[in-house]
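Accompanying notes for the structure given below.
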Amino acid sequence: MFSYGKVNFLPDIGSFRHLYIFAFHHLSVMRYQRFIFASGTFLLFTIIMIIACKKETTTTPSTSVTPSGPQLVFIFKFDSTQVRLNNLGQVDTMPAGHSGLSPIFNGMSSHYIELAQTATTQLGNGDVLYRAPEVGSGSNLAIDFSKCTVVGQGQVFYSCPLSTVNAGSYQWLRVSLAYQNYNIKWSAPTYNLYDLPGTVASFIGFNTYVTSYKIKDSTVNVYANKAQGYWGFEDQYGVVTGQSKGTTVPNPIASSSPIPPGSCVVTGQFTTPFTVTGKETKNDTIVVSLSTNKSFEWKDANGNGLYEPLNGDTVVDMGIRGLIPTVK
């Protein structure tokens, strides 16, 4: 269950491993590569995996503002130049022997939105504006992915009438992230292959019931609950899925207002406090800027800055690296 309580922040980092696919042919020269994001080892196979996936029809969520008075509108922004933070909200430099890249984000969805008055406002005690539809109960409680709204850069992911927001001054915003989809590049210099494109679909909410999801062109059928860290990866050679242990979840006020383990409640401070009087006559827009600054991080076996899963590079983190809310 998505609960609120004191937690200890310990790095709980998953790792990737790459699915490596060989194609033998009488006159073939080329070898095909795949990678798996799991425990850090790479598997070699001697046949090409052909993954037949049903195409998924998607409906783009409406981002229009309903005509029920002035609205509070939330928009995502993905910023690769924004400061890079750790779990405690401290500036995080790249450790020795590690490298990172800034993914190109295709979409993100949220599970929970809360305005917090001060740094001592406990999780759930602020003004909770939104919680995503859920299924099940008890330990089987899960986000219903089929009802999540996945949006891209500059798009609205939630809005509500300002009249429903409690009057007051808010210094902090909490947003629990549920799902992310982005593009990365990987290389295999041994085979003269560089900057190979791939797409990652990652479920980062506390627990998610997934019927099916589309990574890029392929649809993966699941029909089960998936814990935080479940992922799918697609490139020109096919699709592979797996489970990682966790992601970075920055919370600058962890000492005074911790978040529960297994959640993805990212916390950020408004550049200037957000004030609601109850007498608003026009919309307010909050731009939720998420740091993607080298959010895809790996142990770099040879230190050349290229992600080379076939050369022993292993991914150690793929979490969002900070949140800055700004009122427009």
Side-chain angles (χ1 to χ4, degrees), residues 9 11 13-14 63 72-96 98-116 119 149-158 170-185 199-202 204-205 228 244 246-255 257 259 263-274 284-298 300 305 307 315-328:
F9 283 85
I13 304 303
T63 58
L72 178 58
V73 181
F74 290 85
I75 293 175
F76 275 138
K77 175 183 177 181
F78 308 115
D79 190 347
S80 63
T81 65
Q82 189 169 307
V83 62
R84 186 175 189 270
L85 305 178
N86 62 15
N87 277 324
L88 299 178
Q90 301 164 340
V91 176
D92 193 22
T93 57
M94 190 65 64
H98 289 208
S99 292
L101 62 81
S102 301
I104 304 301
F105 271 72
N106 302 312
M108 178 78 75
S109 70
S110 65
H111 161 250
Y112 177 90
I113 302 172
E114 178 185 357
L115 296 170
T149 299
V150 181
V151 301
Q153 173 87 354
Q155 294 183 322
V156 176
F157 66 92
Y158 180 71
Y170 301 95
Q171 298 180 33
W172 298 88
L173 175 68
R174 296 179 174 121
V175 178
S176 178
L177 303 173
Y179 169 84
Q180 58 184 358
N181 184 291
Y182 55 74
N183 299 331
I184 64 168
K185 291 184 178 180
T199 301
V200 177
S202 174
I204 53 179
Q228 183 182 48
S244 62
T247 58
T248 294
V249 184
N251 179 17
I253 53 176
S255 61
S257 183
I259 62 172
S263 74
C264 199
V265 181
V266 183
T267 305
Q269 187 172 21
F270 283 98
T271 50
T272 57
F274 174 53
D284 278 330
T285 298
I286 296 177
V287 177
V288 179
S289 183
L290 302 175
S291 174
T292 63
N293 189 343
K294 296 183 178 179
S295 62
F296 189 87
E297 179 184 340
W298 65 90
D300 196 336
Y307 177 50
V315 174
V316 296
D317 201 341
M318 55 178 174
I320 287 297
R321 288 301 186 138
L323 183 157
I324 299 176
T326 304
V327 182
K328 298 294 185 181

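What you see is a predicted model; the values in this text were computed from it and never measured. What's counted below: heavy atoms across the whole structure, side chains too, no hydrogens, waters or symmetry copies.
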(request) Might you point out which heavy atoms bring Pro95 and Glu297 nearest each other, and give the distance in Å? (result) CD-OE2, 3.6 Å
(message) Determine whether a donor-acceptor pair (N or O, by modelled atom type, separation under 3.5 Å) exists between the side chain of Gln171 and the backbone of Ala116.
(response) no
(message) Centre-to-centre under 6.0 Å for Phe296 and Tyr307, is that the case here?
(response) yes
(request) Kindly indicate whether the side chain of Phe157, heavy atoms from C-beta on, has any atom under 4.5 Å from the side chain of Val288. (result) yes
(message) Let's go through Val327 and Thr272 carefully: what are the C-alpha distance in whole Å and the side-chain angles of both, what is the deciding distance for side chain to side chain contact (heavy atoms under 4.5 Å, CB included) to 0.1 Å, and is it a yes or a no?
(response) CA-CA 8 Å; Val327 182; Thr272 57; 5.8 Å; no
(message) Using every non-hydrogen atom in the two residues, find where Gly319 and Asp317 come nearest and quote the distance to one decimal.
(response) N-OD1, 2.9 Å
(message) Do Asn293 and Ser80 pair up side chain to side chain, a donor and an acceptor below 3.5 Å, judged on atom types alone?
(response) no
(message) Would the distance check show the side chain of Asp300 and the main-chain N or O of Gly305 forming a donor-acceptor pair, the cut-off being under 3.5 Å?
(response) yes
(request) Assess whether side chain to side chain contact (heavy atoms under 4.5 Å, CB included) is satisfied between Ile286 and Leu72, documenting all intermediate values. (result) CA-CA 7 Å; Ile286 296 177; Leu72 178 58; 3.8 Å; yes
(request) Could you grab the distance from atom CD1 of Ile204 to atom OG of Ser109, nearest 0.5 Å is fine? (result) 7.5 Å
(request) Compare all side-chain heavy atoms of Val175 with those of Phe74 and state whether any distance is below 4.5 angstrom. (result) no
(message) Testing the basics here: between Phe105 and Ser295, what is the closest heavy-atom pair and its distance to 0.1 Å?
(response) CE1-OG, 4.5 Å
(request) Answer whether the closest heavy-atom distance between the side chains of Gln180 and Ile320 falls below 4.5 Å. (result) yes
(message) For Pro250 versus Gly322, what's the shortest heavy-atom pair and its separation?
(response) CG-N, 3.5 Å
(request) For residues Leu115 and Leu173, determine if any side-chain heavy atom of one lies less than 4.5 Å from a side-chain heavy atom of the other. (result) yes
(message) Is any side-chain heavy atom of Thr149 closer than 4.5 Å to one of Tyr158?
(response) no
(message) What's the separation between atom OG in Ser289 and atom CZ in Phe76, rounded to the nearest 0.5 Å?
(response) 11.0 Å
(message) For the CG atom of Leu323 and the OG atom of Ser291, what is their distance to the nearest 0.5 Å?
(response) 10.0 Å
(message) Once rounded to the nearest 0.5 Å, what's the spacing between atom CD of Gln153 and atom NZ of Lys77?
(response) 7.5 Å
(request) State, yes or no, whether a side-chain contact exists between Val200 and Asn181 at a heavy-atom distance under 4.5 Å. (result) no
(request) Compare every heavy atom of Tyr182 with every heavy atom of Pro103, then report the nearest pair and how far apart it is. (result) CB-CD1, 3.3 Å
(message) Could you measure the distance from the NZ atom of Lys294 to the CG atom of Leu101? Nearest 0.5 Å is fine.
(response) 9.5 Å
(message) If you compare all heavy atoms of Pro252 against all heavy atoms of Thr267, which two are closest, and at what distance to 0.1 Å?
(response) CD-O, 3.2 Å
(message) Within this structure, what is the CD1-NZ distance for the pair Ile104 and Lys185, rounded to the nearest 0.5 Å?
(response) 8.0 Å
(message) Given Arg321, which partner from the list Asp92, Asn86, Asp79 fulfils the side chain to side chain donor-acceptor pair (under 3.5 Å) test?
(response) Asp92
